[in-house]
Amino acid sequence: MLRLLAPVVVFASSVVSAQTPEPAAPASAARSLTVAEDGFRFDANLDAWFPRLVGDVALVPGGGNANVEDLDLNGSETVFSGMGRVTFDRWFVAASGFTFDTDGTTPTLATSANWWSISLDVGYGLWTPLDAKAFPWSDSAPRADNVAGDGAQRVSLAFAPTLGITYDDIDVTATELATGATNGVDGSWLGTRFGVAAALALHTKDLVGFIDRIDFGVSGSFGPSFGVSGDGDGVGTLWAIDAGVRVLFTPNIGAHLGYKLVDGDFEDERAGTSNTNDLGLQGLIAGVTIEF
């Protein structure tokens with residue numbers, strides 16, 4: 001009888017062990033989703049941006065400013081916006097830029113606006129409250145309550161101070177249809193921005209098989225803007241807001257959707273007079289994201 005039962009016992013044991021899930025990896029093995037203390041990461045967004053030009057421009061030196069809506073320059077455009085970022089330890093360095101063009105017509109004027117910009121930002125993940133190390137100087141305290149079933153860290157949250165520089169080249173022109181006379185501003189400005197960025201990442205691979213991770217991010221910065229060439233002259237202000245969500249369908253490829261705003265008071269010097277151009281771009285942004 002024992003010899004007859006032995007194969008049954010062996011078979012039952014094998015079935016139970018096959019159905020019993022492997023234990024989750026210890027919390028100390030879970031990697032942060034927002035900082036790269038264990039290595040190096042690169043990610044990039046390649047986006048279509050749908051901004052509108054807003055604000056006022058000093059077409060005539062010393063004269064009153066004209067609103068871009070009255071110049072027929074506030075229609076939504078589709079332009080390119082890109083960002084590439086390198087993360088190592090808690091540091092990250094991001095390069096970004098865009099190019100914008102639009103034109104319009106009023107009963108008396110033919111108008112156009114061109115704005116291109118490049119930025120470089122540096123940040124440091126100072127506070128990561130859901131990671132094993134909340135601060136760089138903290139002792140490591142593994143969070144067993146923040147480990148997914150597959151051993152990955154479930155949620156990461158990071159707050160980072162940032163420092164950035166931006167180069168803006170702006171040309172707004174209005175040509176009188178009757179005479180061909182042209183007025184406008186054409187110059188370049190260099191801005192220095194101080195700000196903060198926050199990132200929230202959710203590991204979802206073990207919950208939704210076709211979504212590896214969901215990232216939420218928002219950043220804001222503000223600082224002075226200095227005229228450097230062309231009509232650009234004097235000291236104004238520059239500020240920027242960028243918010244969005246990235247859904248990674250694999251660890252390396254996903255989709256990006258967000259909102260982007262840049263705005264500034266760009267000072268210029270023409271015909272011996274100082275003028276202020278209060279101009280901004282704002283709109284939804286969408287594209288693809290990659291990470292390695």
Side-chain angles (χ1 to χ4, degrees), residues 34-36 40-47 49 51 53-55 79-100 114-128 136 157-170 187-201 215-230 232-246 256 258-268 276-285 287 289-291:
T34 52
V35 301
F40 168 94
R41 299 181 192 175
F42 171 78
D43 65 283
N45 295 332
L46 303 175
D47 294 308
W49 187 23
L53 183 66
V54 297
V79 304
F80 171 76
S81 177
M83 184 280 296
R85 176 173 53 198
V86 173
T87 303
F88 50 96
D89 192 50
R90 290 175 174 254
W91 291 95
F92 64 84
V93 179
S96 59
F98 66 84
T99 178
F100 171 85
N114 173 270
W115 185 343
W116 64 268
S117 176
I118 55 174
S119 297
L120 184 68
D121 290 83
V122 177
Y124 185 74
L126 184 63
W127 186 34
T128 53
L157 178 64
F159 296 91
T162 63
L163 172 64
I165 57 173
T166 297
Y167 181 87
D168 291 293
D169 187 277
I170 302 173
S188 300
W189 292 262
L190 186 67
T192 302
R193 296 173 289 101
F194 304 89
V196 63
L200 173 69
D215 296 343
F216 301 89
V218 60
S219 64
S221 57
F222 173 83
S225 179
F226 306 91
V228 293
S229 67
D233 187 78
V235 181
T237 59
L238 177 68
W239 58 290
I241 295 175
D242 199 337
V245 58
R246 304 192 312 168
H256 174 233
Y259 174 83
K260 181 181 179 72
L261 178 149
V262 294
D263 194 281
D265 290 329
F266 301 98
E267 302 293 324
D268 76 72
T276 299
N277 304 279
D278 178 8
L279 295 170
L281 291 169
Q282 55 183 295
L284 295 176
I285 192 167
T289 185
I290 57 175
E291 180 175 314

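Just so it is clear, the model here is predicted, and its values are computed rather than measured. Note: hydrogens, waters and symmetry copies are ignored here, and every other heavy atom, side chains too, is used.
- Looking only at distances, a side-chain donor or acceptor of R90 sits under 3.5 Å from a matching main-chain atom of G125.
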**Item:** side chain to side chain contact (heavy atoms under 4.5 Å, CB included) between L238 and F266, worked out
**Value:** CA-CA 8 Å; L238 177 68; F266 301 98; 4.1 Å; yes
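- Between I170 and L279 there is a side-chain heavy-atom pair separated by less than 4.5 Å.
- Side-chain atoms of D278 and D263, non-hydrogen and from C-beta on, do get closer than 4.5 Å to each other.
- For the atom pair K260 NZ and S96 OG, the distance stands at 5.0 Å (nearest 0.5 Å).
- The CG atom of D169 sits 6.5 Å away from the OG atom of S229 when rounded to the nearest 0.5 Å.
- Closest approach of V262 to A240, counting heavy atoms only: CG1-CB, 4.2 Å.
- Scored by the side-chain hydrogen bond (donor to acceptor under 3.5 Å, both in side chains) test, D168 finds W115, S117 as partners (sequence neighbours excluded).
- If you take CG on L284 and CH2 on W49, they are separated by 11.0 Å, rounding to the nearest 0.5 Å.
- For the atom pair CG of N114 and CG of L53, the computed distance is 11.0 Å after rounding to the nearest 0.5 Å.
- Residue T34 comes nearest to A158 through the heavy atom pair OG1-CB, 3.6 Å, listed as atom of the first residue, atom of the second, then distance.
- With sequence neighbours excluded, the residues satisfying side-chain hydrogen bond (donor to acceptor under 3.5 Å, both in side chains) with D215 are R213, R246.
- Using a 4.5 Å heavy-atom cutoff, the side chains of T192 and L163 are in contact.
- Counting only distance, with no hydrogens or angles, the side chain of W189 and the backbone of E267 share a donor-acceptor pair below 3.5 Å.
- S221 meets the side-chain hydrogen bond (donor to acceptor under 3.5 Å, both in side chains) test with R193; sequence neighbours excluded.
- Residues forming a side-chain hydrogen bond (donor to acceptor under 3.5 Å, both in side chains) with T237 (at least two apart in sequence, or on another chain): D265.
- Atoms OG and CE, from S119 and M83 in turn, are 12.0 Å apart once rounded to the nearest 0.5 Å.
- Residues satisfying the salt bridge (Lys or Arg N to Asp or Glu O under 4.0 Å) criterion with D268, sequence neighbours excluded, are R270.
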**Request:** Could you give me the CA-CA distance, side-chain angles and deciding distance for R41 and F92, then say whether side chain to side chain contact (heavy atoms under 4.5 Å, CB included) is met?
**Result:** CA-CA 9 Å; R41 299 181 192 175; F92 64 84; over 6 Å; no
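- The backbone N or O of G287 sits less than 3.5 Å from a side-chain atom of D47, completing a donor-acceptor pair.
- Looking only at side-chain heavy atoms (C-beta outward), P51 and F98 stay at 4.5 Å or farther from each other.
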**Steps toward side chain to side chain contact (heavy atoms under 4.5 Å, CB included) verdict (S219, T162)** = CA-CA 9 Å; S219 64; T162 63; 6.0 Å; no
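- For the ring-ring contact (aromatic ring centres under 6.0 Å, His included) test, no residue two or more places apart in sequence or in another chain qualifies with F222.
- Remark: W127 CH2 is loosely packed, at most 12 non-hydrogen atoms of other residues, nucleotides or ligands lying under 6.0 Å away.
- Rounding to the nearest 0.5 Å gives a distance of 12.0 Å between CD1 of I165 and CZ of F226.
- A 4.5 Å side-chain heavy-atom check between L261 and Y259 finds at least one atom pair inside the cut-off.
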